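See below for the structure under consideration.
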Amino acid sequence: MKDKSSMKLEQLAARHRRVRKKVHGTADRPRFAVSRSLKHVTAVLVDDEAGRTIVQATSTSKSLKLDGDGSTKMKRSEAVGSEIARLAREAGITKVAFDRGGRLYHGRVKAVADAARKGGLEF
């Protein structure tokens with residue numbers, strides 16, 4: 001019998017595979033992948049056809065300077081969403097395909113997406 005945590009990880013992986021069957025990034029419309037850990041959030045724009053990362057933003061980056069100011073995880077997520085939108089605009093990208101990484105569209109994943117939308121990205 002498997003323990004509860006390993007079953008949750010398997011279910012997360014299954015949801016992620018299901019999402020990735022449908023979401024595919026191109027040069028015109030890259031995949032906007034959001035991943036989160038217990039403490040941090042990462043957002044990446046990926047061109048799956050070329051197999052390369054276009055831009056990325058993470059809550060651990062020095063440019064955001066969020067770790068020492070007592071910010072909450074939600075504020076960090078919003079900052080990552082705003083940063084990825086800014087970097088995408090600089091790279092000439094306005095339309096993306098959202099990949100929630102098997103996570104529910106709720107909480108920090110939603111905060112990243114909403115901040116990116118406010119920054120000018122179209123999903």
Side-chain angles (χ1 to χ4, degrees):
M1 181 177 218
K2 294 183 181 182
D3 61 339
K4 191 174 183 178
S5 62
S6 65
M7 285 179 58
K8 281 189 171 196
L9 286 176
E10 286 178 9
Q11 290 169 346
L12 175 69
R15 282 193 305 271
H16 188 66
R17 282 191 303 270
R18 211 166 35 240
V19 169
R20 286 285 289 133
K21 282 182 193 177
K22 299 174 187 172
V23 179
H24 185 76
T26 62
D28 297 332
R29 192 178 183 107
R31 179 169 51 95
F32 177 29
V34 176
S35 61
R36 69 169 182 83
S37 66
L38 291 176
K39 205 172 191 182
H40 298 289
V41 174
T42 303
V44 183
L45 293 183
V46 181
D47 178 3
D48 289 318
E49 290 177 345
R52 68 182 191 97
T53 299
I54 300 169
V55 293
Q56 72 174 9
T58 181
S59 61
T60 61
S61 68
K62 301 288 184 195
S63 63
L64 292 180
K65 297 178 185 173
L66 292 170
D67 287 330
D69 66 355
S71 63
T72 63
K73 291 187 271 188
M74 289 297 283
K75 287 182 184 175
R76 289 180 192 173
S77 300
E78 291 168 0
V80 168
S82 300
E83 180 71 8
I84 196 79
R86 184 186 66 78
L87 293 171
R89 278 195 320 268
E90 288 176 4
I93 297 167
T94 57
K95 293 186 178 186
V96 295
F98 189 66
D99 176 9
R100 56 190 171 87
R103 303 282 183 180
L104 293 176
Y105 186 78
H106 178 76
R108 289 185 281 155
V109 174
K110 185 175 188 269
V112 171
D114 290 344
R117 276 194 187 103
K118 282 183 187 175
L121 287 182
E122 283 183 43
F123 293 27

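Side chains are part of it too, since the values below use all heavy atoms of this structure and drop only hydrogens, waters and symmetry mates. Bear in mind that the values here come from a model prediction, so they are computed numbers and not experimental data. Quick note: residue numbers are just sequence positions, from 1.
- In terms of heavy-atom proximity, Glu122 sits nearest to Arg29 at O-NH2, 4.4 Å.
- In the hydrophobic clustering of ILVMFWY residues, with side-chain heavy atoms under 4.5 Å counting as a link, Met74 and Val34 come out apart.
- When the side chains of ILVMFWY residues are joined at heavy-atom separations under 4.5 Å, either directly or via intervening members, Leu121 and Val55 end up in a single hydrophobic cluster.
- Here the shortest heavy-atom pairing between Ile84 and Ala116 reads CG2-CB, 4.3 Å.
- When side chains are defined from C-beta on, Lys39 counts as touching Arg76, because their heavy atoms get closer than 4.5 Å.
- Looking only at distances, no side-chain donor or acceptor of Arg89 sits under 3.5 Å from a matching main-chain atom of Gly92.
- Linking Ile, Leu, Val, Met, Phe, Trp and Tyr whenever their side-chain heavy atoms come within less than 4.5 Å puts Val41 and Phe123 in one cluster.
- Between atom OG of residue Ser35 and atom CZ of residue Arg108 there is a gap of 10.5 Å, rounded to the nearest 0.5 Å.
- With respect to Asp99, the side-chain hydrogen bond (donor to acceptor under 3.5 Å, both in side chains) criterion is satisfied by exactly one of Lys22, His24, Arg31: Arg31.
- Atom CD1 in Ile54 sits 12.0 Å away from atom CG in Leu87 (nearest 0.5 Å).
- Follow the hydrophobic side-chain contacts under 4.5 Å out from Val19 and you never reach Phe98; the two are in separate clusters.
- Taking each heavy atom of Lys95 and Pro30 in turn, the nearest pair found is O-CD, 3.4 Å.
- Summarising the geometry of Arg86 relative to Glu83, their closest heavy-atom pair is NH2-OE2, 2.6 Å, with the distance given to 0.1 Å.
- Here the closest heavy-atom approach between residue Gly102 and residue Arg15 is recorded as O-NE, 2.7 Å.
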What verdict does the side chain to side chain contact (heavy atoms under 4.5 Å, CB included) test give for Lys73 and Arg36, after you've listed the backbone C-alpha separation in whole Å, the side-chain angles of each residue and the deciding distance to 0.1 Å? CA-CA 10 Å; Lys73 291 187 271 188; Arg36 69 169 182 83; over 6 Å; no
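- Rounded to the nearest 0.5 Å, atoms CG (Asp47) and OG1 (Thr26) are 6.5 Å apart.
- In terms of heavy atoms, Tyr105 sits closest to Arg100 at N-CD, 4.4 Å.
- In this structure, a donor-acceptor pair under 3.5 Å is present between the side chains of Ser5 and Asp3.
- Val109 and Val112 fall within the same hydrophobic cluster, where Ile, Leu, Val, Met, Phe, Trp and Tyr residues are linked whenever their side-chain heavy atoms come under 4.5 Å apart, directly or through other members.
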